[in-house]
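Worksheet: one structure, shown below.
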Amino acid sequence: MATSIDISDLNIYYGDFLAVEGVDMTIRARSVTAFIGPSGCGKSTFLRSLNRMHEVIPGARVEGKVVVDGQSLYDPSIDPVAVRRQIGMVFQRPNPFPTMSIYDNVLAGNRLNAKRMKKSEADDIVERSLRGANLWTEVKDRLGKPGMGLSGGQQQRLCIARAIAVEPQVLLMDEPCSALDPISTAAIEDLIHELKSDYTIVIVTHNMQQAARVSDDTGFFNLKAAGQPGHLVEFNATSKVFSNPDDPSTEAYISGRFG
Amino acid sequence: MATSIDISDLNIYYGDFLAVEGVDMTIRARSVTAFIGPSGCGKSTFLRSLNRMHEVIPGARVEGKVVVDGQSLYDPSIDPVAVRRQIGMVFQRPNPFPTMSIYDNVLAGNRLNAKRMKKSEADDIVERSLRGANLWTEVKDRLGKPGMGLSGGQQQRLCIARAIAVEPQVLLMDEPCSALDPISTAAIEDLIHELKSDYTIVIVTHNMQQAARVSDDTGFFNLKAAGQPGHLVEFNATSKVFSNPDDPSTEAYISGRFG
Amino acid sequence: SAGNADDGDAASGSNDLAGQLAGGGASSQEAAQAAWIVGFQEANPDVTVTFDPIGSGGGRENFISGAFPFAGSDAYLTDDEGELTAATERCNGEAPVEIPNYVSPIALIFNVEGVDELNLAPETVAGIFAGEITEWDAPEIARDNPDADLPSAGINAVHRSDESGTTENFTHYLDVVAGGAWTAGAVEVWPEEFGGEGAQGTSGVVSAVKSGTNSIGYADASQAGGLAVANVGVGSDFVGPTADAAAKILDVSPRVEGRDDSSIVFDLDYETDEAGVYPIVLTSYLLACPTYSGDEAEAGELTKAYLTYVVSEDGQAFGAEEAGSAPLSDELRSEVSDLVEGITVE
Amino acid sequence: MSTTTTARSAPTAVSRRGDAVFAGLATGAGLLIMLALAGVAIFLIIEGVPAISASGEQAYGKDNIVLYVWPLLFGTLLAAVIALLIATPLAIGVALVISHYAPRRVARPLGYLIDLLAAVPSVVYGLWGRAVLAPAILPAYAWLADHLGWLPFFDGPARTGRTILTAAIVLAVMALPIITAICREVFLQTPRIHEEAALALGATRWEMIRMTVFPYARSGVISAVMLGLGRALGETMAVAMVLSASGIITIDLISAENPSTIAANIALNFGNASGTKINVLIFSGLVLFVVSFAVNFLGRWIAARGQVKA
Amino acid sequence: MSLIDERPVAATPAPAAMALVAPQIPAYAPLLAAVLATGLAALAGLLLGWSLVAVVLTAWALLVVGLPAWSAAIEGERRAKDRLVTTVVWSTFALAMVPLASLVWEVVANGHAVISAEFLTYDMRGVLGAGGGIYHALMGTLVITALATAISVPIGVLAAIYLIEYGKGNRLARTITFLVDVMTGIPSIVAGLFAFAVFTLIFGPGVRLGIGGAVALSVLMIPIVVRATEEMLKLVPEELREAAYALGVPKWRTIVKVVLPTALGGIVTGVTLAIARVAGETAPLLIIVGTTTTLNLNPFDGRMATLPVFIFSSVTTGGKYDAEQTARAWGAALVLVAIVMTLNLLARAVGRAFSPRTGR
Ligand SMILES: Nc1ncnc2c1ncn2[C@@H]1O[C@H](COP(=O)(O)OP(=O)(O)OP(=O)(O)O)[C@@H](O)[C@H]1O
Ligand SMILES: Nc1ncnc2c1ncn2[C@@H]1O[C@H](COP(=O)(O)OP(=O)(O)OP(=O)(O)O)[C@@H](O)[C@H]1O
Ligand SMILES: [Mg+2]
Ligand SMILES: [Mg+2]
């Protein structure tokens, strides 16, 4: 079910501004890959280029190759909407749809694509996804209530449930815990551990400890200088990055000497 | 000229919300007092209650005593406008008046009281204040230009010049350097050192090193828990707070274990 | 339709006429037409008649274009702008029917403190409205009103600010009778150089006089409301604007010469000194075709029936009661009725 | 969660017909608006142009269309300008009450009250102005004529309340909520940091407003006034019902002889107009359109320029 | 460098104690001044036989001069000026309320007497004097306003969607935004003339149709709807759109199913306000719809009565039954004001109920 992603020589632009330059990496299937780096180095930008969310921003564009399952993502024949169904995304700030109940939020991806579903089938998807997001027991008695009524951590898990309800192959997460308290954070880290048996997971985090805890591979992004594009400094197994990085600037960053 | 401030049992409210609870301290004349603490613990709120700027916010009020020069600041006979003239304030973001020139910005406070000033007298005040704020040499050739045209650090020093132009006795500064680059920060820290021979200075800062560098006394504020009011945990000589604090949470904060 | 549309049981004439009749034209006729429509519809509950008070010019225009089967007009058709020819063409080459149906005295209404009766000679009227006589206690006024307690106050002369037949008839009267005191001729739009307060429509003039102080204005007598009306000098007499006095003017006025038989139109004799005639009068006409055919047959049927009612004794009386117009004299009415009777529908 | 599902459709190109249709609809609606505005101009020109050669009878007794429209334009501008002279200071005061003076809890309801002024239909203002205001204000005009008669504006004689000044007062009441609403917004947008800077220097509330709020809001206030002017220029019924018009040019504000306004003149004469007279009235409407377009254009332009600066 | 050397002020011996206490007039001073001013003016008025207006003006003048003078004597010039401005500013508000209060009072006082079941359910067919009602005008206003809404809302909302979701700052969008702004200033009579010109060109001279009125009102209504919708769409957080895109939802479905529902409350408020604004329009209807005494529900066939035009023609027709007509006009005005103000308040309520949910 899950898929690996090959990125080669990727340049990412906002209009004329080159935000990320020359990234090459391979993201392994059924593993957790973490991106770290100082603010503004292009982690989010890069992440969003993996499911063509980047081009949603006016003027934004991409050069280079992202190959998923043998298909080049930026091939003109590819439908970005279909790409996003296969490669789900969770954002920094939990963003459930305010007009929908918890139940409808989970089904949003299915429903908004005008799929007709039997009630039993829908119930099934909701339960399966909420269980998958470790939220079922907390909300099963109030599925009809608005999703906005949950706590921040619950909302974030609701967003994860919503993302996995459409059964993507890859799950991208952009600082999913940075708006959350420590308990919610722990809950989501646990969840990531569980999800990785089914999904390819890519996570951006500011929290080095979190990267160390949850990821198998880690990529370190950096800026050469202010105003310069971000680039991938090092991409290695997490254990290696945190104990014995190849690049001195990686070590400097991890040991807190800058950033 | 400078004055000490005695605060006893001060509670500060926003409407019904108690933001800061039970503060007791004495701020010494002609010294620099720094307040540190995690975000939201009420440092700014407390600072603003020292020159009755707090009540500018609708619904905001104060209980308890602030005694300056033997006069209780919150006594009904006290004129808040007079208080603010004697106790000047510099804000986190530099806020020169956008429609005024540098010259007029410096004189803004003086003009309020003395409608007619001789040109020579005005020139005098401007030069003295700008020199006092270490800005004179940088701007003396463009006093007629708008204040907004300066760099952030220069703007902040312009605001300091404006504050000292009315010759207050106390100067309150709320994170005056947090919007500035390191060089501007150093310039302002130098300035604080110089000013303290004439003024009683109170400064809020997020930067522990800065507190250690510039202040004589340090107050550490903290929250007991989220949603609870902030309170003063410890108030001591800076050297003591940073080497051998009374309270374990102070030490935890200073050593970076939380916040 | 709304609740009160079904009061057809009151219909006396069990006529089986039905359909819609839409005419329009002179707004001076509006109030009278509203009354006639009510009277006619009461007798013919299945007919809906409308009269659009779009002005005489609009009425003639729409009559000629065929949009209206009949129209009301304060002026008769002439060939000054080819209207008579065009109307003849519209009526398949027959000269159109033109009949007087609405005669109304134009009253000089006034609101002056302490004055209930006022006699005004024609020259005085002209002087006041031309802005020459500006004080109520001016000698010209005082001379004719020896008993009145005239205030020494300025005169607020109110005139129509819009284009109107009332203004035209009034200024025509002044032009004819007041000699040198009135220099603007007969006009539909008030000449601005004479000044005075301008008010919109008859009701505007009435309410301006009512709410102003020491005001005077001219308006259809029927709308004078509670205001006092002046007597106008005729010969050596002063005559008030009663319906009878106004109706008489048609009896003393000559018919316009050289018209077709189907046209009964007058040149009003403002200068008359016949006793009991009130000379400031608005006469309005109805225009129709002598024959209606083809598509217009149904409309023609209704037009004939409606016009018959309007010029009937009942109709004229109802108009006088509701709208304050002066009923046609019996003699004139029968002549007019014969013309309407002669309208044929093919 | 390891259930194997049916072979999933790989990301492939699908026709985005829904998107294209919807985008087309939305763009079409936008273009339609441009078209509508152009249509207003074009149709007015088509129907107004025949009036250019009108004269005499056809031009309501005037020799040509310019002589007919000019006094109306004068009256329109006069009434609107007086209305603004009255409304602007009031609106600024009211906006200050709502933004800076009233306690926050009552500021909102006070704002609603002002908005209700904008909600009253203009025909009701006309009714009120005609039946209530005009008679009530006549004594004031008499007083003005007696005491300030040496000013050309108050020459009098005051014999009716239905003067251009009364019309302007009604227009002021109608323009007030518009000006207030915009002033209120820009006053509220004054950066808090600047207000606090002034207060911290020991400024009183008024000094703070003068130092920070007014300079900041200046272009906003100007554009608000322009929009109010637009409203006052175009208002029809209230003027039509309140004003006794003679169609002359005068700056005497309280006499019985008053200039008319374009909009009111159209409303009053349109019903009775036929033939070329309709074209004449539409032509005057075209003039009004051009003037109010220009005024609004200017207002928006000033506002837009102000935004860049702020 | 030594600051002391450069600062002559520092040389002044023994700095004075802080002057924090300023003499103040008591907190109740404004109230007291107001009461005193009113009392004095009333007394003078009674003695000299002034009118109420003169008394109020005098009281106001006394307050505006007296309070600042008192303050100037005790608190100093700056405080006095502050008080003067405060008094003046509140006075402007009070003055602005005078017409509203007077208008509402007059409309209710003059209008309530004729309001009855008959007044609301009968038309004016066959009525000359007393009696009859505004049913036809009420229905005409409803039909024409509903039609105008049906035309304006889809166009307005779609155009706003174009501006916010598709055009986003491109040249066309900027032009349209600007034109929409300018369009809000089109005089209503011009909108009426526009509709008249269009329908005359199509149907020939003298045409009067309800639909023409709806078109004219749409010209006035569309820009209001566009502005309101635009503002609301701007408030919808970008992250909601992104959340939908990330679920593989096409853009148009995102707009229809996520963005519009989120902004619905504000859009409904805007539309309601727009309806309230045009429901009271008179001039365009006078020109293109005309009026009639009989109920006509078909906007494609002939004249229709509407409340505003009914009011206007009732007071301007005059004649024998002027009093009855004027009474009916006030009654209709009361109904119209009630409708429009209710719509306004409703709009606020809707707006508040649906106000964009930020946070939790
Ligand atoms: N919408 C945008 N338009 C233009 N430039 C952008 C946009 N979003 C981000 N950028 C720029 O792209 C660069 C990379 O930004 P990005 O948000 O990817 O950084 P990041 O590593 O995610 O930072 P953070 O840790 O703060 O989230 C930055 O220079 C940023 O200013
Ligand atoms: N205008 C306000 N209205 C209501 N509550 C406020 C307001 N300003 C601050 N607060 C609350 O008062 C508490 C103290 O805030 P304050 O800004 O004083 O904290 P701080 O220590 O200065 O934080 P920071 O370091 O982020 O500046 C917080 O809980 C804050 O939410
Ligand atoms: Mg980021
Ligand atoms: Mg703070």
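In the text below, chain A, chain B and the rest are named by the order of the sequence lines, each starting its count at 1. The structure presented is a predicted model; accordingly, all values stated were derived computationally and were not measured.
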Could you have a look at D:Val295, D:Ile114, D:Thr180 and say which one has the most heavy-atom pairs with chain E under 4.5 angstrom? D:Ile114
Measuring heavy-atom distances to chain E, does D:Val132 have an atom under 4.5 Å in its side chain, in its backbone, in both, or in neither? side chain
Could you check if a side-chain atom of D:Pro121 sits within less than 4.5 angstrom of a side-chain atom of E:Val340, using non-hydrogen atoms only? yes
Is a donor from one side chain sitting under 3.5 angstrom from an acceptor on the other, for E:Ser102 and D:Trp128? yes
Please look at E:Tyr166 and chain D and tell me whether the side chain, the backbone, both or neither of the residue comes under 4.5 angstrom of a heavy atom of that chain. side chain
So, for E:Phe196 and D:Phe43, is the gap between ring centers shorter than 6.0 Å? no
Is D:Met34 close to E:Leu172 at the side-chain level, that is, under 4.5 Å between some pair of heavy atoms? yes
Is there a side-chain contact between D:Val123 and E:Leu336 (heavy atoms, below 4.5 Å)? yes
Is it the backbone or the side chain of D:Tyr125 that comes under 4.5 Å from a heavy atom of chain E, or both, or neither? both
Proximal component of D:Ala203, with respect to chain E [non-hydrogen, under 4.5 Å]: backbone
Which residue out of E:Val256, E:Ile222, E:Val198 racks up the most heavy-atom pairs below 4.5 Å with chain D? E:Val198
Give, as side chain, backbone, both or neither, the part of D:Leu268 having an atom under 4.5 angstrom from any heavy atom of chain E. side chain
Walk me through whether E:Leu193 and D:Phe289 qualify under side chain to side chain contact (heavy atoms under 4.5 Å, CB included). CA-CA 10 Å; E:Leu193 290 178; D:Phe289 176 64; over 6 Å; no
So which part of D:Leu227 gets closer than 4.5 Å to some heavy atom of chain E, the side chain, the backbone, both or neither? neither
So do the side chains of E:Pro187 and D:Ser292 get within less than 4.5 Å of each other, counting heavy atoms only? yes
D:Ile46 vs E:Leu201, test: side chain to side chain contact (heavy atoms under 4.5 Å, CB included). Steps then yes/no. CA-CA 10 Å; D:Ile46 292 178; E:Leu201 285 183; 4.2 Å; yes
So CE of E:Met97 and CG of D:Leu117: to nearest 0.5 Å the spacing works out to 5.0 Å
Going by heavy atoms in the side chains, are D:Leu37 and E:Ile186 under 4.5 Å from each other? yes
Side-chain touch D:Tyr101/E:Val85, heavy atoms, less than 4.5 angstrom: yes
So, do D:Val124 and E:Val107 sit near enough that their side-chain heavy atoms are less than 4.5 Å apart? yes
Quick check against the 3.5 Å criterion: does E:Asn344 have a side-chain atom that pairs as donor or acceptor with the backbone of D:Ala119? no
With a 4.5 angstrom heavy-atom cut-off, is it the side chain or the backbone of D:Thr236 that approaches chain E, or both, or neither? side chain
Please work out which of the three classes, parallel, tilted or perpendicular, describes the rings of E:Phe178 and D:Phe297, given edges at 30° and 60°. perpendicular
Any carboxylate oxygen within less than 4.0 angstrom of a Lys/Arg side-chain nitrogen, looking at D:Asp19 and E:Arg253? no
May I ask you to name which of E:Leu163, E:Thr200, E:Thr86 has the most heavy-atom pairs under 4.5 Å with chain D? E:Thr86
For a 4.5 angstrom cut-off between non-hydrogen side-chain atoms, does E:Ile189 reach D:Phe270? no
Closest heavy-atom contact between E:Thr282 and D:Ser122? OG1-OG, 4.4 Å
Which bit of D:Leu110 is near chain E, if near means a heavy-atom gap under 4.5 Å: side chain, backbone, both or neither? both
Quick one: what part of D:Val40 sits under 4.5 Å from any heavy atom of chain E, side chain, backbone, both or neither? both
